[in-house]
*Asks:* 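Once you've had a glance at the structure underneath, I'll fire off some questions.
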Amino acid sequence: MGFDLESLSEAASGAVGALVSTTILYPLDTCKSKYQAEVRAHHQQKYRNISDVLWEAISTRQVLSLYQGLGTKNLQSFISQFIYFYGYSFFKRLYLEKSGRKTIGTRANLLIAAAAGACTVIIIQPLDTASSRMQTSEFGKSRGLWKTLSEGTWSEAFDGLGISLLLTSNPSIQYTAFDQLKQRLLKARLKRKRGLGSSPEALSAFSAFMLGAVSKCIATFLTYPAIRCKVTIQAAKSEEEKTNAAQSKDQKSISGAVYAIWKREGLLGFYKGIAAQILKTVLSSALHLMIKEKISKTTWVLMLAFRRFLFMTPTRLKGV
């Protein structure tokens, strides 16, 4: 297939967009993760709501600790988005070349996105685990990337891998919800305009944005119990858990996390922190795509310049 410059450009712009959006929203992400990671009975909870996490950082003069693990998270975001966008673009081009088609269908698109997501998750899972542990550590006590990973075994670096693979279905759920909502909205408009000789063929920009946000909320709501379990599995051990190693080990499995949340917090515990999750997800997606679109042209020009320099002949280089 040669030098896939288009895939590389998409990957680079997507990675930079992820880097900027992650940095801007990181304090919110830290508060959300620490709030989600706490699994206790209601009368024993340290954090009653997500604002308690922020207040703890302020009252203990550890505001900068809201950024603990930022370097690892940015590294994870950059690598994951680069791999995802490159993998998606590569698989898409490969599919079009092998099938001989000019366009890609909905089902094939979802399968390609799932394949790219699965490859990404497997590669960056240790970084995902490390960043979660660093975020959920006590303020001021977070360790570096290497020390965080070296605390446990190699298999522990892949804690929550099964759930992470399951969560790659989130975009498929979002697209399905968006498509269903879109069809219902267009049918309703068609009924109102029946007899006028025209029918809406596409959504307006505002309608598409609103349906996109609603569909993302639906996908997040349906997958949130898995998200909550993943956070509790990957979270740093509290002092209580360190003294009770057996209980801590049980909670690091999927069944153990589900049982712990059910026993201590009940059914509603699986949706603890969902408002912050939706807020963070929607803002992150909007920022990421906006930044990616803004820099995509610049990235493409830089890639062309890089290729021109890279493939210069030795004679031309000497002439320069």
Side-chain angles (χ1 to χ4, degrees), residues 1-19 21 76-125 127-128 158 161-183 186 201-203 205 208-209 211-213 215-216 218-220 222-223 226 281 284-286 288-304 306-308 310-311:
M1 294 180 64
F3 188 69
D4 195 352
L5 192 63
E6 183 179 350
S7 297
L8 196 61
S9 177
E10 281 290 305
S13 58
V16 173
L19 195 70
S21 63
Q76 174 201 342
S77 296
F78 187 87
I79 294 176
S80 64
Q81 291 300 319
F82 187 90
I83 294 173
Y84 178 80
F85 277 103
Y86 185 85
Y88 177 81
S89 183
F90 177 82
F91 289 143
K92 181 179 179 180
R93 288 167 64 88
L94 183 64
Y95 172 81
L96 292 175
E97 287 185 6
K98 297 296 183 182
S99 64
R101 298 180 180 179
K102 295 183 179 180
T103 58
I104 185 171
T106 302
R107 292 184 179 179
N109 190 39
L110 292 176
L111 287 174
I112 289 172
C119 292
T120 303
V121 163
I122 294 172
I123 294 172
I124 58 93
Q125 187 63 26
L127 287 176
D128 186 33
F158 287 87
L161 177 60
I163 295 181
S164 296
L165 289 172
L166 175 65
L167 290 174
T168 59
S169 64
N170 190 289
S172 299
I173 297 173
Q174 180 186 0
Y175 182 84
T176 302
F178 179 86
D179 190 58
Q180 292 296 317
L181 291 172
K182 175 184 174 181
Q183 295 301 323
L186 292 179
E201 296 181 356
L203 294 173
F209 174 80
L211 290 189
S215 62
K216 188 64 178 178
I218 293 173
T220 301
L222 293 176
T223 58
T281 300
S284 179
S285 298
H288 181 198
L289 293 175
M290 180 187 70
I291 295 167
K292 176 181 176 295
E293 289 300 316
K294 289 293 183 181
I295 67 173
S296 59
K297 292 184 179 180
T298 304
T299 305
W300 177 250
V301 172
L302 291 175
M303 287 296 173
L304 287 175
F306 176 73
R307 185 177 68 171
R308 186 177 180 182
L310 190 66
F311 290 101

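Because the structure is a prediction, the values reported are computed rather than measured. Hydrogens, waters and symmetry mates are skipped; everything else that's a heavy atom, side chains included, is used.
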*Asks:* Just how far is it from atom CD1 of I218 to atom CG of L211, taken to the nearest 0.5 Å?
*Replies:*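 Nearest 0.5 Å value for the CD1-CG distance: 9.5 Å.
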*Asks:* Say you draw a straight line from CZ of F90 to SG of C119; how long is it, rounded to the nearest 0.5 Å?
*Replies:*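 One finds 10.5 Å between CZ of F90 and SG of C119.
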*Asks:* Measure the shortest side-chain to side-chain distance between L165 and I122 over non-hydrogen atoms and say whether it is less than 4.5 angstrom.
*Replies:* yes
*Asks:* Could you report the tightest heavy-atom contact between S215 and A177, atom names first, then the distance?
*Replies:*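 It is CB-CB, 4.0 Å.
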*Asks:* Of all residues at least two apart in sequence or in a different chain, which pass the side chain to side chain donor-acceptor pair (under 3.5 Å) check with Q174?
*Replies:*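 Partners of Q174 under the side chain to side chain donor-acceptor pair (under 3.5 Å) test: none.
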*Asks:* Would you say the side-chain atoms of S80 pair up with the backbone N or O of S77, donor to acceptor, closer than 3.5 Å?
*Replies:* yes
*Asks:* Distance from K92 atom NZ to I112 atom CD1, nearest 0.5 Å?
*Replies:* 8.0 Å
*Asks:* To the nearest 0.5 Å, what is the distance between CD1 (I163) and OG1 (T168)?
*Replies:*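 If we round to the nearest 0.5 Å, I163:CD1 and T168:OG1 are 12.5 Å apart.
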*Asks:* Listed by chain and number, what are the side chain to side chain donor-acceptor pair (under 3.5 Å) partners of K216, not counting sequence neighbours?
*Replies:* N170
*Asks:* Can you name the closest pair of heavy atoms from Q76 and L127 and give their distance?
*Replies:* OE1-O, 3.9 Å
*Asks:* Y84: which residues meet the side chain to side chain donor-acceptor pair (under 3.5 Å) condition with it, sequence neighbours left out?
*Replies:*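 Testing Y84 for side chain to side chain donor-acceptor pair (under 3.5 Å), a comparison that skips the adjacent residues, returns none.
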*Asks:* Measure the CD1-CG distance between I173 and L167 for me, rounded to the nearest 0.5 Å.
*Replies:*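 Between atom CD1 of I173 and atom CG of L167 there are 9.0 Å.
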*Asks:* Supply the atom-to-atom distance D128 CG to Q125 CD, rounded to the nearest 0.5 angstrom.
*Replies:*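 Reported to 0.5 Å precision, the distance equals 5.0 Å.
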*Asks:* Would Y88 and N109 satisfy side chain to side chain contact (heavy atoms under 4.5 Å, CB included), going step by step from the backbone distance to the final call?
*Replies:* CA-CA 9 Å; Y88 177 81; N109 190 39; 2.3 Å; yes
